[in-house]
Amino acid sequence: MIDEGKPIFVQIAEQIEDDIIDGVYPAETQVPSTNEFAAFYRINPATAGKGVNLLVDDGILYKKRGIGMFVSDGARERLVAKRRDAFSDEYLRPLLAEAAKLGIGAEQLTRMIQTAADERPATPHTQTTPTASPSKGVSA
């Protein structure tokens, strides 16, 4: 998971976001502690904590004192809305610009997208973050 081109704490936050969107962590469920993230990814607990705190600052996670971090109500919907807003700028505009450079029109691009979608294998999500263990009592 670790990509050298992006800060590790940002990658931790994005992976938790992905798992929330994919339903691995529904609302009101506990996410792994910063110590669990640190051990899983072999990173400093402060780095893991910085990633988790990004999501706390955004209202995606909240802390139950002495218990750990939990997914906020409505977190999935907020994350999906945020990513949909960014989708056009991050993916569509560059795709359309490259298609125009190559002389690919809208109709041909639509066919290419449909073909790619039809060929894409259906793969279930696999959890890529450590599993929360509420019984440990380790707080984030």
Side-chain angles (χ1 to χ4, degrees):
M1 173 207 141
I2 302 299
D3 169 16
E4 297 298 323
K6 190 183 284 189
I8 295 171
F9 73 94
V10 171
Q11 294 178 62
I12 296 287
E14 288 175 349
Q15 188 56 60
I16 297 169
E17 286 180 351
D18 288 344
D19 286 344
I20 291 170
I21 289 170
D22 290 340
V24 174
Y25 300 120
E28 299 304 323
T29 59
Q30 186 173 12
V31 299
S33 71
T34 55
N35 290 332
E36 289 169 316
F37 280 115
F40 187 78
Y41 292 113
R42 295 185 174 156
I43 60 173
N44 186 311
T47 301
K50 194 170 177 181
V52 169
N53 286 331
L54 284 177
L55 299 177
V56 171
D57 293 345
D58 288 344
I60 301 302
L61 300 178
Y62 68 95
K63 184 174 187 171
K64 286 186 181 179
R65 188 174 171 93
I67 298 175
M69 294 292 185
F70 289 78
V71 178
S72 301
D73 277 333
R76 182 183 185 284
E77 293 76 15
R78 287 194 304 279
L79 289 170
V80 168
K82 178 180 95 172
R83 289 195 180 180
R84 280 187 180 155
D85 289 345
F87 185 79
S88 180
D89 289 337
E90 291 182 29
Y91 298 101
L92 291 181
R93 292 189 199 293
L95 173 72
L96 294 171
E98 185 67 15
K101 285 181 199 175
L102 300 174
I104 299 171
E107 189 175 306
Q108 184 180 3
L109 183 58
T110 301
R111 282 194 310 271
M112 292 170 75
I113 291 170
Q114 187 58 56
T115 300
D118 291 345
E119 293 172 353
R120 193 179 105 206
T123 56
H125 176 270
T126 56
Q127 183 175 347
T128 55
T129 56
T131 306
S133 50
S135 61
K136 285 187 181 178
V138 178
S139 60

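Nothing fancy with the numbering, it's 1 onward along the sequence.
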Ignoring hydrogens and angles, tell me if any N or O in the side chain of [X] forms a donor-acceptor pair with the backbone of [Y] under 3.5 Å.
X: R83; Y: I21; value: no
X: N44; Y: A46; value: yes
X: E17; Y: L79; value: no
X: Q108; Y: A99; value: no

Is there a continuous path of hydrophobic side-chain contacts, each under 4.5 Å between heavy atoms, that joins V31 to V80?
yes
Decide whether I113 and I104 are clustered together by the hydrophobic rule: side chain heavy atoms of Ile, Leu, Val, Met, Phe, Trp, Tyr closer than 4.5 Å, transitively.
yes
Side chain to side chain, [X] and [Y], heavy atoms closer than 4.5 Å:
X: I12; Y: L54; answer: no
X: S88; Y: R93; answer: yes
X: R78; Y: S72; answer: yes
X: Y41; Y: Q15; answer: yes

For E28 and Y62, which I'm curious about, is there any donor-acceptor pair between the side chains at under 3.5 Å?
yes
Which heavy atom of [X] sits nearest a heavy atom of [Y], and at what distance?
X: A13; Y: G51; answer: CB-O, 3.5 Å
X: I60; Y: A75; answer: O-CB, 3.7 Å
X: A48; Y: T34; answer: CB-O, 3.6 Å
X: K64; Y: F70; answer: CD-CE1, 3.5 Å

Is there any side-chain hydrogen bond (donor to acceptor under 3.5 Å, both in side chains) pair reaching into residues 94-107, and which pairs are they, with sequence neighbours excluded?
E107-R111
Can you name the residues that form a side-chain contact (heavy atoms from CB on, under 4.5 Å) with A27, not counting sequence neighbours?
D73
How many angstroms lie between atom [atom1] of [X] and atom [atom2] of [Y], to the nearest 0.5 angstrom?
X: Y25; Y: R76; atom1: OH; atom2: CZ; answer: 15.5 Å
X: F9; Y: I43; atom1: CZ; atom2: CD1; answer: 11.0 Å
X: L95; Y: L109; atom1: CG; atom2: CG; answer: 5.0 Å

Restricting to ring pair (Phe, Tyr, Trp, His ring centres under 6.0 Å), what partner residues turn up for F87, sequence neighbours left out?
Y91
